[in-house]
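Numbered from 1 within each chain, the chains take letters A, B, ... in sequence-line order.
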Protein chains: 2
Amino acid sequence: MARRKDHTREELTALATKCGQQLVIAEGPSALTARNVAKMMGYTAGTLYNIFENIDGLAAAINIQSMDSFAKGIEEILRHNAKPKKRLRLISKAYLTFQEEEPYLWALLFATPINSDSDAYRQAVHRIFDQVAEALQPLSGSAKAARQDAKILWSTLHGICLLKEHGKLDVSTTDTPEELVKRFLDQFLQK
Amino acid sequence: MARRKDHTREELTALATKCGQQLVIAEGPSALTARNVAKMMGYTAGTLYNIFENIDGLAAAINIQSMDSFAKGIEEILRHNAKPKKRLRLISKAYLTFQEEEPYLWALLFATPINSDSDAYRQAVHRIFDQVAEALQPLSGSAKAARQDAKILWSTLHGICLLKEHGKLDVSTTDTPEELVKRFLDQFLQK
DNA sequence: AATAATATTGAACAATGTTCAAATATATTC
DNA sequence: GAATATATTTGAACATTGTTCAATATTATT
């Protein structure tokens, strides 16, 4: 039953990641089961365990892709905008937009027990953090302060999105995530 | 096999909540299984489904208890401190302390798919939010602004704790949660 | 004492992650 | 080109979840 030439190991990884991502986008993180993904790939569950150590490994691969895609967006922002405050407002908006447009991919980012020993994962995280810190540098002063502010900014963005997702925001009325982020940034950026 | 007088319905609820809490504290949210809790109670899994609609209902009960306990702490702070900034620094510190001392209970708060139709849950959340908003009122101006700032503050505290938990904080070096919160508050409270 | 009401059990079901011997397809060797 | 070695895929199995529900055991009522 082996079909060794159907897909190389790399192709299998890519295929599994693509299928997994589609499943998550369509049905949410809970649809990311070994059997679901395998069926969509045209393989069986066992094959997945040839590629990933476990199902969290597949989730990590999807997350890395999400982060890389997001990092590219930030790069664009940094390329086309020179003013620090403008940059940070756009980056923040990009975060909200990502959660708005792909809520399930966003949820997967924080539903997955991260594999701290995965270098690829760490790199993807750092790529984003470094960009945000770079954007903050002119406002924060030292590099260390910029890194701290990046963590604060990221924490706040994430927390606000969480509140939204959990329906604790009374979004219907006035406190939209956008408004909260604006209020936060107005304070945070006046350095 | 029925032991109708062993425990009333209320006692059963309390017992299940207590056992569940102990399990979570000792072994983490993943130990909160129906069979685990039931065994600790001296019952079987089926009994739990007489009390709670599902296992998330039990998690919700534990979370409500966590929030109530936390709310009491905030009340103490508000009772003994009049100055707005001092209040907020202590409340923030209390949040960090809770996550430090009961990391698993804290994790359960955000690992549980919240039952939005649970009044008790909503109340517990609001009790905390209202207190924080009250503490912010003198600094934020309007009641609406205070509620927004409460959400921002809460989001940031939560996000920082998440970063810490996920090991993305390089805590070992310099960026402790305490330091990040201090930096955030120094900005946030200067109104 | 007989009957009704109720609480509890325990077995069952489906779905999950995960493992691994067996089966099968390709590569290599002679 | 046949035989052997290597690698890949399967599919069945296992343990563990949540969850349901008829059967059973206990208490309440008549």
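- For B:Asn50 and D:dA25, the CG to C1' distance is 15 Å, given to the nearest whole Å.
- Rounded to a whole Å, the OH atom of A:Tyr43 is 16 Å from the C1' atom of C:dA23.
- Taking only side-chain atoms of B:Ile55, from C-beta outward, the nucleotide of C:dT18, D:dT19, D:dG11 with the closest atom is D:dT19.
- Looking at A:Trp154 and A:Tyr95, their side chains never bring a donor and an acceptor atom within 3.5 Å of each other.
- As rounded to whole Å, 18 Å separates atom P of D:dA12 from atom OH of A:Tyr49.
- Listed nucleotides D:dT17, D:dT9, C:dG17 differ in distance to B:Thr33; the shortest reach to its side chain belongs to D:dT17.
- A donor-acceptor contact under 3.5 angstrom links the side-chain atoms of B:Arg35 to the base of D:dT19.
- Ion pairing between a basic and an acidic side chain is recognised when a charged N comes within 4.0 Å of a carboxylate O; A:Asp130 and A:Arg147 show such pairing.
- The interatomic distance linking A:Glu27 (CD) with C:dA15 (P) rounds to 14 Å, in whole Å.
- With C:dT18, D:dT9, D:dT19 as the candidates, the nucleotide lying closest to the side chain of B:Ala45 is D:dT19.
- Heavy atoms of A:Leu12 sit under 4.0 angstrom from primed sugar atoms or phosphate atoms, though from no base atom.
- When each of B:Gly46 and A:Ser30 is assigned the nucleotide of DNA chain C bearing its nearest heavy atom, the one mapping closer to the 5' terminus is B:Gly46.
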### Query
Can you list the steps and then say if B:Thr44 with B:Arg35 is a side-chain contact (heavy atoms from CB on, under 4.5 Å)?
CA-CA 7 Å; B:Thr44 52; B:Arg35 289 171 180 81; over 6 Å; no
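- Taking the charged nitrogens against the carboxylate oxygens, B:Asp68 and B:Arg127 do have a contact shorter than 4.0 Å, which makes a salt bridge.
- Atom CD of A:Glu11 is separated from atom P of D:dT9 by 11 Å (rounded to the nearest Å).
- Comparing atom distances between the B:Thr47 side chain and each of C:dT8, C:dT18, D:dT10 picks out C:dT8 as nearest.
- Computed from coordinates, the A:Arg9 CZ to D:dA7 C1' distance equals 10 Å when rounded to whole Å.
- Annotation for B:Ile62 and B:Leu105: closest pair CG2-CD2, 4.0 Å, computed over non-hydrogen atoms.
- In this entry the distance linking CG of B:Leu32 with P of D:dT17 reads 11 Å, nearest Å.
- The distance from atom CD1 of A:Ile51 to atom P of D:dA7 is 17 Å, rounded to the nearest whole Å.
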